Amino acid sequence: MKQTQAIYRRELNAYFKSPIGYVLLAIFIFVSSLFFAVNLLGYYANIASELNFMQGLFFVLIPILTMKTFAEERRSGTEILLFTTPVTTPQIVVGKYLAAFTLFLIMTATTLIHVAITVLLQGTVDVLLLGTYVGFILSGAVYIAIGVMISSLTSNQIIAAIVSVVIFIGFMLLEAIASLLGNFTTTILQNLDFLNLLSAAQEAAAGEAVTKAVNWINPATRLVDFSSGIFRLTPIVFLISITLLFLYLTVQVLERRRWTQS
Amino acid sequence: MIEITNLSKHYGDIVAVDDVSFRVEKGEILGFLGPNGAGKTTTMNILTGYISASSGVVTIDGHDILEEPLEAKRRIGYLPEAPPLYVDMTVMEYLSFVADLKGVPRRSRAAEIAEAMRLVRITDVAHRLIGNLSKGYRQRVGIAQALLGHPEVLVLDEPTVGLDPKQIIEIRNTIRDLGKDHTIILSSHILPEVSAICDRVVIINRGRIVALDDVATLNDRSRATREMELTVEGPAREIVQRLRVVPGIIDATVLREKDGIVTLTYETEPDTDVRRQVFYEMARNTWPILDTHGLEATLEDVFLQVTGNVQTPTGGREA
């Protein structure tokens, strides 16, 4: 616990000893405020749409946040300190993850100013917004876990960032690709099925199933419920599980690398 | 205190460490000697738990580094080849962080950090950024880091590399002081360093132990054959011919010749003193001897002998 805390504090401080922490906060505040201000000029304030918009920027913001977590330690040789002191690998991973997540929460918290302004101007702040916040933070948690895992795979933070960006763009495209993949499956089945073993309805159903499956694993589709104010247990459990899964994978990557024989 | 049994490490087809076994007793300073790429760093990385061995067992004070890593690591202070320093922290912040990692209780933390900084003389840079420190200071911060948490074992990988001569002497003295109440393994490719600090030496080459001995024994072994240097005024070729027929002299070679003055070395059989015979031989030919002295064999010679770079190794090899 004490060790996790020590790593957590060092990591969080490190964000503000390099420009990264400030740059991230600056970009986030600037873009979100711009969005808010433009809306405000049109006598319209919708924090939920602002958050959705900012979520679209996760694919650049989160990689910047996570790229150096493990890659930098490995490059500079400081990881040897972590691995030769009486600290367990899960402690290291959790400490670093929580530090990145905290900075993300700080970034998110800056939008509360916009909420305050909205309240002052008698705009609507309701449970839908709360749901959007929950969705925003949970998906941030997932993205950060993935970013941290990718950082543990390389000693080059630029590569870590680029790979993360590509994967996150993949998530965004996944929704669009999902129905394409479904149609593709149906078409293939139709072409293969020259004996007419399957009815057209079955082939279409197979395609739909593929679409559904792809959407099911896509964290982005899990957020729709939140922004409509519905708090279902499944998506919450799903997103937390994905986060934990990637943290577990990070631990495995780090251990494997040290135990590998090549 | 430290026991290494049949340790091997393969990287694919490359064998970095090949069946290495040795023990280090409590309070001992063991020198770990070998050319670059001999497997010193790999061995140290394994025994500190940074990487795994392909086979073999390492125990620190009875705790297996794989079975009980936390217990074993608690007993080790490690200074890797490149000190693991965060350049964005001050020395004080860094040492506090390391103290937390090692689970030093908050009550004794300040005192322990102050003590470590005093031992390696870095108190004056406590509040400077590590990134702005010179190499010598960084190295010392690295040693201070290893000392935190009062580990019984210190593993120092090339602690004096890249330092200037004054710093090297300082660090050596520090290590010798630390040796009074720590068990130390110290790696080096500088031989005088090892003979100056260590009680025992393990010589490793291409991943294998080629010698394991007291420093004194190793020195003795290298004296098995003696080399003398001789400066004479006279014709080089004839002097060499004359010397070669003196009983007890194995060989003679000219080092340099200038203005009729020849400097040469000759090798004698073990435990034979031929200086008198050489004197009369030279005197008979009226070639005045200007200087003669024995060349003290160093660990360097031993090292060359045991690593097989010399044709006639005298001592038996110990593996």
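Order of the sequence lines sets the chain letters (A, B, ...), proteins ahead of strands, with each chain counted from 1. Just so you know, these numbers come straight off a predicted model, no measurement behind them. Reckoned from all heavy atoms, side chains included, excluding hydrogens, waters and symmetry mates.
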Region of Arg75(B) that comes under 4.5 Å of a non-hydrogen atom in chain A
neither
Which one wins on heavy-atom pair count under 4.5 Å against chain A: Leu70(B), Val87(B), Leu85(B)?
Leu70(B)
Largest heavy-atom contact set with chain A, pairs under 4.5 Å, which of Lys73(B), Met89(B), Arg74(B):
Lys73(B)
With a 4.5 angstrom heavy-atom cut-off, could you sort out which part of Glu73(A) is near chain B: side chain, backbone, both or neither?
side chain
Applying a strict 4.5 Å limit to non-hydrogen atoms, the region of Glu81(B) in contact with chain A is neither
Exactly one of Phe246(A), Phe59(A), Phe171(A) should register a ring pair (Phe, Tyr, Trp, His ring centres under 6.0 Å) with Tyr143(A). Which one does?
Phe171(A)
Kindly indicate whether the side chain of Arg140(B), heavy atoms from C-beta on, has any atom under 4.5 Å from the side chain of Glu170(B).
yes
How about Tyr50(B) and Glu79(A): does a side-chain donor come under 3.5 Å of a side-chain acceptor?
yes
Does any backbone or side-chain atom of Asn45(B) lie under 4.5 Å from a heavy atom of chain A? Answer side chain, backbone, both or neither.
side chain
Pair Glu112(B) + Lys102(B): basic N to acidic O under 4.0 Å
no
Is there a donor in the side chain of Thr111(A) and an acceptor in the side chain of Glu50(A), or the other way round, less than 3.5 Å apart?
no
Under a 4.5 Å heavy-atom cut-off, does chain B meet the side chain of Thr85(A), its backbone, both or neither?
both
Pick one of side chain, backbone, both or neither for Leu66(B), based on which atoms fall under 4.5 Å of a heavy atom in chain A.
side chain
Would Arg75(A) and Glu72(A) pass as an ion pair if we require N to O under 4.0 Å?
yes
